[in-house]
There are 4 protein chains.
Amino acid sequence: MKRIEDFKSIIDRYEIIFFDAFGVLKTHSGLVPGIERTFDYLQSQKKEYYIVTNDASRSPGQLAQSYHDKGLYAVTADRIISSGMLTKEYLDLKVNDGIVAYLGTEDSAHYLESAGLHTLPVRDINNTNIDKVNVLVFMDDEGFDWCQDLNKTVNLLRKRTIPAIVANTDYAYPVSKNDVGIAIGGIAGMVEAIVGKQFIRFGKPDSQMFMFAYDLIRDYRQISKKQIVMVGDTLQTDIIGGNKFGLDTVLVLTGNTQPADAENRISATGIVPTYICNSAVLGPDVLAF
Amino acid sequence: MKRIEDFKSIIDRYEIIFFDAFGVLKTHSGLVPGIERTFDYLQSQKKEYYIVTNDASRSPGQLAQSYHDKGLYAVTADRIISSGMLTKEYLDLKVNDGIVAYLGTEDSAHYLESAGLHTLPVRDINNTNIDKVNVLVFMDDEGFDWCQDLNKTVNLLRKRTIPAIVANTDYAYPVSKNDVGIAIGGIAGMVEAIVGKQFIRFGKPDSQMFMFAYDLIRDYRQISKKQIVMVGDTLQTDIIGGNKFGLDTVLVLTGNTQPADAENRISATGIVPTYICNSAVLGPDVLAF
Amino acid sequence: MKRIEDFKSIIDRYEIIFFDAFGVLKTHSGLVPGIERTFDYLQSQKKEYYIVTNDASRSPGQLAQSYHDKGLYAVTADRIISSGMLTKEYLDLKVNDGIVAYLGTEDSAHYLESAGLHTLPVRDINNTNIDKVNVLVFMDDEGFDWCQDLNKTVNLLRKRTIPAIVANTDYAYPVSKNDVGIAIGGIAGMVEAIVGKQFIRFGKPDSQMFMFAYDLIRDYRQISKKQIVMVGDTLQTDIIGGNKFGLDTVLVLTGNTQPADAENRISATGIVPTYICNSAVLGPDVLAF
Amino acid sequence: MKRIEDFKSIIDRYEIIFFDAFGVLKTHSGLVPGIERTFDYLQSQKKEYYIVTNDASRSPGQLAQSYHDKGLYAVTADRIISSGMLTKEYLDLKVNDGIVAYLGTEDSAHYLESAGLHTLPVRDINNTNIDKVNVLVFMDDEGFDWCQDLNKTVNLLRKRTIPAIVANTDYAYPVSKNDVGIAIGGIAGMVEAIVGKQFIRFGKPDSQMFMFAYDLIRDYRQISKKQIVMVGDTLQTDIIGGNKFGLDTVLVLTGNTQPADAENRISATGIVPTYICNSAVLGPDVLAF
């Protein structure tokens, strides 16, 4: 049986902390109680942190605002690495002209708009513009009519040989204590199976998420992977992704992995975190050092 | 290169012919021209035939009516074997009480109703009746709100340990010359991936479809599998399913498999029909024997 | 929590009992102690029984002998339904001439030999006979050189468009208290992924296994599926296969499913047996009725 | 139909060229004729190049030597990025002590040995050392007894909760004009399916391969992804991997993708290269600039 370790003693050993968002910093009912103390401590120790999150529903600025609205001011836009940012980088590098068709909210689309690129919801594709569509992006599970627009998406991909980008690999996300919602990654998986083509997926566990954060840091300082630790609640995304990228990893038990199951699931999946902690919250006495 | 053979010379060698429906007897624009001659010939020769079809949207009677409406009177309800009939047999044998929750039209649900079983569309599940739901059936892609009811379905299957039945395994079906629609089998695949449970799927290529027809025949006459040939347009359902059940098989080129692709697809999939024919239609001189 | 029920009270309700072999009648260390009492009781009650087993390593006669060698004489060849028998039926119905190439022991191949069919181990395929090979059968994990013959198999299937038959779908089987062996079904899965073709697989959970037994019974008596119960230790093969075929099912806890895990695994997989029993053994007082 | 473009005009537009090895620089029968002219030109233009290859069978030095032996001296060890190098980085970062068990040749293992790490072929694992095994690496398809050592590997992973690393994701590789060999990636896929655990896989199409090369370059110069082009013969590894990382891509027709199939396969897979060229060889007049 792996020992439950003290979160403070772990972060003391690293220079930079990567956090998953949902299940680590917040849950369906708001912030994880006491999580602001963790960020106070990190700032007092001049340690850096990034939120590495599968989310393409909004811009980093809007994501940061949602933390501020809850009272956590330490999470600023420049500290957020989202799968939406990788999607935006892909479009900037690889799509030079034409229309970016998308499934998602207007918010999610506006964030993508780059010089020369025009976004168009799938519902507005028709015979006059279909030949200008040069890429399709699955952004968010909201903002479209599932029946009508998913059927349209299947037929778009049968007619046009264009890349299909999935801006969030998750299959589901929690919406309340007991319920989940189907995420755009799950919907995209259905379309992929039907059209038989291979989509490009951005988001943990894929290393490109971690690499994006790592690159950002190296633009202003020297760092080794040994100085970074990834903190997450999900073995199949946060932990295996961090492990593969070469980072040490902390599994916390405030989200997808329940304390009673942790050991069984590690053993069943073969995904082994470097450490297990009850949560990413520091004890009340931590700041009294 | 496999030789294209004459359909009449093939059916002359068998006692009973199984036909797939879509792509063999009919297409998006109506009956395959001349197909009624095939049935005239079969009747004149006292050969029997069955339509073996992945369809749970309607009862056999309603399916037969749709052929009559197009002018093909030889397809009667007692000649149809549908995946919906297997679903009904499953409920009759395995579900003794409680509610059958379903995704599909009212038509598809009424067909299922058996002594003591009450059907309920997923949209009407609530806290007062969820504990009485003893099985969930994916019947048809129409008749429900995809976004709202699929999210509800995911959460139903997370809360209740009940069997989930997919009454049609197809992922898509043709709706016009160029377009397809997402079928309930594709939708069920997404839900299965999200909830991580194992569903029961009825429909070709699964042998149980062929067995159901075979059993029906043996109730009134002796027959060997050697005397039956399966005619279909799709390698991955009709042909591999028929082969596995031990039947000889005919691939026709009026549906999913194009004449130019047939050889390549046989070689790529390793699914080998006994014969290839242009269509299931007999030449104009056939009845002049 | 599902109630653990008394095995005797269950079999009293049915006319015919189907048993899985490994984990139900025997384990790596021999017969399940007391299992002969179950068969004594069945015989005293004039109930029928069949062993429905994923095994193609030997003929039914050889399989029966292995029970006699352990002291269980009630399991005779005519009571055994194996995936090897389905493979033999396939060859009899579908392969009329040429060579049956195989991976497995000589014993497993001899069983397959039918009028006009010549078997050949993959190792003996060469330029002079490769064009006569009309089917490839994965029979058993023993009897061939894995490295040399599996590479040969991959290239055979790339060169010849022939059906590939997997005579046992299992991925692994127990060889001692703690160890498993890789089964031919697992090996075949690797070859299938490499060549990208679709193989024909015989064995539970596929319904064709149950249908084969059901057909055999109906040759000499009338029976309804309601009068048969399937007893097995594995949710993913015995239980879901029996359920789908329309049989009631008993999960026993002497094999793959541990007592402590049963409830969790039923809930995680959504595969629900009709009953759960500790074992297929009757209490010592049973025969004292 | 996509236009076939001139390879020289393409490389003139980029600063750095990434090449796949097999099917681009060499085939089963040796170097692609004339490929050395491409490297002469690159050197004359002061352009940089890297070979990005799924290969863990040998060290970069040994891989380079194999090019020198064929007469291509431009491929030096410092120009090679192999999936074996990613495996070595993983071990350096993540495994601090204990034994690295491996499947592969001694050559492949020696390359991995890092300070403090001891390698051990799977065949030599026994009760006295199994508890010290902290990682398992699938290196190469040679150097071990498939039957004995793969069975041992399955049982090792059932007993010990340790990461399993696949140092080459490929399922097969060409061994002659018509034949392929099963690669260690295919073998690892079988073991993964049997033990039901999640392995860590290094190699294209995974972005970490491209990132490793990209990082290496940025250690000594500034570069943008827009200045790099990836040249490969395989849509499913080279092209989709390069695309996803944000690079422009060239599909060449000297390997896995045949000229007659290219358009069909792009359309069937939805994987779209930026350019298509007949080969990576420059015309004979190129150096006469």
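Reminder, nothing fancy here: chain letters follow the sequence lines and each chain counts from 1.
C:A193 approaches D:Y171 most closely through the heavy-atom pair CB-CE2, 3.8 Å. When all heavy atoms of D:A172 and C:I194 are compared, the pair lying nearest together is CB-CG2, 4.0 Å. Between C:V154 and D:V180, the shortest heavy-atom distance links the atoms CG1-CG2, 3.7 Å.
The line from CD1 of D:I187 to CH2 of C:W146 is 10.5 Å long, rounded to the nearest 0.5 Å. With rounding to the nearest 0.5 Å, the separation of CG in C:N155 from CD1 in D:I182 is 8.5 Å. Note that SG of C:C147 and CG of D:D149 are 11.5 Å apart. Values are rounded to the nearest 0.5 Å.
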Practice problem: Starting from the C-alpha separation in whole Å, work towards a yes-or-no answer on salt bridge (charged side-chain N to carboxylate O under 4.0 Å, His left out) for D:K159 and C:D179. | Solution: CA-CA 9 Å; D:K159 284 170 194 156; C:D179 284 356; 2.6 Å; yes

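D:N178 touches chain C through backbone and side chain together, each having a heavy atom under 4.5 Å away.
Counting heavy atoms of neighbouring residues, nucleotides and ligands inside a 6.0 Å radius, atom CD of C:E106 does not exceed 12 of them.
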